[in-house]
**Q** 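Mind looking over this structure? Questions follow.
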Amino acid sequence: MELKGRIISKGVAEGEALTTSQPISFYGGVDPDTGVIIEKGHELEGKKVTDKILVFPNGKGSTVGSYTLYRMKKNDTAPAGIINEECETVVAVGAIISEIPCIDTIDISKIETGDLVRLQDDVVRIEK
Amino acid sequence: MILMHLIKEEERMLNGEDGYTAKKSMEILVALGDIYGAEKLINIDSVQVAGVSYHNLGDAGLEFLDELARDGKVKVLTTLNPAGMDLENWKKLGISKEFAEKQNLVIQAFRKMGIIISCTCTPYLIGRLPTYGRHVAWSESSAVTFANSVIGAKTNREGGPSALAAAFVGKTPSYGLHLEENRVPDVHVDVRVNPKKISDWGALGWCIGKKVGNKIPYMTGVKEADLDELKSFCASVVTYGSKPLFFMEGITPGSEKHQLPKEKVTIEDVDIKEAYESINDDVDTIDFVCIGCPHCSIKEVAEIAKLSKNKTVSSNTEFWVATSRLMKQLADKRGYTETIENFGGKFACDTCMAVAPLKGRFRSVATTSAKGCYYSRHNGMKTKLGSLEECIEAAVRGKWS
């Protein structure tokens, strides 16, 4: 299956999808040293985002979250790519400065955890 | 595909012909412009950059700034928010050497970019005053609210990286509060209270922030407000609400252009009482008193000096005056510094209670600032909001009465 979206941060990325229907706050919500989601009660609490195609509706929380994504990239704990329904400032800026490919305006309900996903330009290719 | 219209010079930067930092900055501005439907980039007069404290940036933030500083030079006058410490007197304020070293590296990177190391949340008090209707790109929510509302300049609420990007390009995408159609008030706030002490303005901000949320308030009923009162109100209303713009009939510019919105809320004494009850914790012993969130004006420093004369801070309590270095230099000349230091108070220049690494150092704080209480709770402190007199009394007795 192929879905077309909008490029937020250019590049090619491939990996296994990790999908949630809940927004993610990178500042305080993800441990930049381990890549594990630590927000209490989050659907993905305890899951590692490293090298995954992280699929979530939108970011939330402090603008410091952009720096958290950057720190994850430097620590090799960052996701390989990001797919959003509607990207907001924190994730957009974080993805750009960290050079993590990011696409939004995608119907994320079509992507399940474990799917093999490839991001290239504005296209998302999904293999079930 | 880029939706926004770019001129040749902007495309050149985006293609990397003007170097790494210009390219990264254009990528950020174009992405934000496209997300929010901007048609083009517009020129800006100045930039205020937040995200200066090493406490918030960490090593990753520092590394990012170093990378930008390699070939990045700001194109417009750019000033800095408070850092995590007083850049000169950090030892006196109990900051560790390790923290100070890292914080100095952060400052060095900003200096290399050509940014003025102002380290204040009140750039408008140190000569960085935008004028009515002009576009700027500021971060620091209290200053953004002041610029939009009290001055009538136009800015969105930028984050650290997007403010830097705007500084390196000298432009910002034209969306949000840069457009007149998004600066129309949508809720009438009938203020039926008469704020007297400085903390009442913070409490009023709390009430309005909570009641109107993401709407732009048009306030009636406020008879007068001076600079310090407006400064305090700006900080509080945006901390507890979210839109960095309000109109105050007869006081802030542009209010005469607008009709009264149909939706109406009322602020009464009972609301102000609720604000104090919500902000104040159940605590008697006060081990920290901090005045200056936002940074003290010279008038506020003078008031502190007047009220603290011939008194002594309790041995169990620390008393800080947070202000810009420029105000401190004025205070030195006018003798206020000596009076406040004789009292046992310490000046915390370049930094503040919201961004200094205070977690675990104090158990309770008394302050005149509603915003200061919000951030102190994040730092694990119990909070008391009150007048300057009450705060000084708390510092002397080590207790809230």
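The sequence lines fix the lettering, A, B, ..., with proteins before strands; numbering per chain opens at 1.
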**Q** Can you tell me if A:R6 uses its side chain to pair, donor with acceptor, with the backbone of B:D34 under 3.5 Å?
**A**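 Checked: pair present.
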**Q** Count the heavy atoms of every other residue, nucleotide or ligand shown that sit under 6.0 Å from NZ of B:K75, and state whether that count exceeds 12.
**A**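 It does: B:K75 NZ has more than 12 such atoms within range.
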**Q** Would you say CD of A:E86 has more than 12 non-hydrogen atoms from neighbouring residues, nucleotides or ligands within 6.0 angstrom?
**A**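 Incorrect, the count does not exceed 12.
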**Q** Considering heavy atoms only, which positions within residues 47-57 of chain A lie below 4.5 Å of chain B?
**A**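 Listed by number: none.
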**Q** Does one side chain, of B:E67 or A:Y70, offer a donor that lies under 3.5 Å from an acceptor on the other?
**A**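 Indeed, the side chains of B:E67 and A:Y70 share at least one donor-acceptor pair under 3.5 Å.
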**Q** Could you check if a side-chain atom of B:L62 sits within less than 4.5 angstrom of a side-chain atom of A:Y67, using non-hydrogen atoms only?
**A**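 No, their side chains stay 4.5 Å or more apart.
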**Q** Say you draw a straight line from CD1 of A:I8 to CD of B:E27; how long is it, rounded to the nearest 0.5 Å?
**A**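 It is 12.0 Å, given to the nearest 0.5 Å.
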**Q** Using a cut-off of 6.0 Å, state whether more than 12 heavy atoms not belonging to B:E17 lie near its atom CD.
**A**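 Above 12, so yes.
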**Q** Could you tell me which residues in residues 97-117 of chain A have at least one non-hydrogen atom under 4.5 Å from a non-hydrogen atom of chain B, sorted by residue number?
**A**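 Residues in range: A:I97, A:E99.
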**Q** CZ/B:F64 to NZ/A:K73 distance, rounded to the nearest 0.5 angstrom?
**A**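 Spacing of CZ (B:F64) from NZ (A:K73) equals 14.5 Å.
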**Q** Between B:I35 and chain A, which part of the residue has a heavy atom less than 4.5 Å away: side chain, backbone, both or neither?
**A**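 The answer is both parts of B:I35.
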**Q** Name the region of A:T89, side chain, backbone, both or neither, that has any atom closer than 4.5 Å to a heavy atom of chain B.
**A**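 Backbone plus side chain of A:T89, per the 4.5 Å heavy-atom cut-off to chain B.
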**Q** Counting neighbours of NZ on B:K73 that are heavy atoms of other residues, nucleotides or ligands and sit closer than 6.0 Å, is the number greater than 12?
**A**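 Enclosed.
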**Q** Measuring only between side-chain heavy atoms, which start at C-beta, is B:N56 closer than 4.5 Å to A:Y27?
**A**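 A side-chain contact exists here, since the closest heavy-atom pair is under 4.5 Å.
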**Q** Check this for me: A:E2, atom CD, are more than 12 non-hydrogen atoms of other residues, nucleotides or ligands nearer than 6.0 Å?
**A**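 Atom CD in A:E2 is crowded, with more than 12 foreign heavy atoms closer than 6.0 Å.
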**Q** Is it the case that the side chain of A:K74 and the backbone of B:D59 share a donor-acceptor pair, with hydrogens and angles ignored and the cut-off at 3.5 Å?
**A**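 Side chain of A:K74 to backbone of B:D59, a donor-acceptor pair under 3.5 Å: no, none is there.
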**Q** Let me know if B:L29 has heavy atoms under 4.5 Å from chain A in its side chain, its backbone, both or neither.
**A**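 Contact with chain A is absent: no heavy atom of B:L29 under 4.5 Å.
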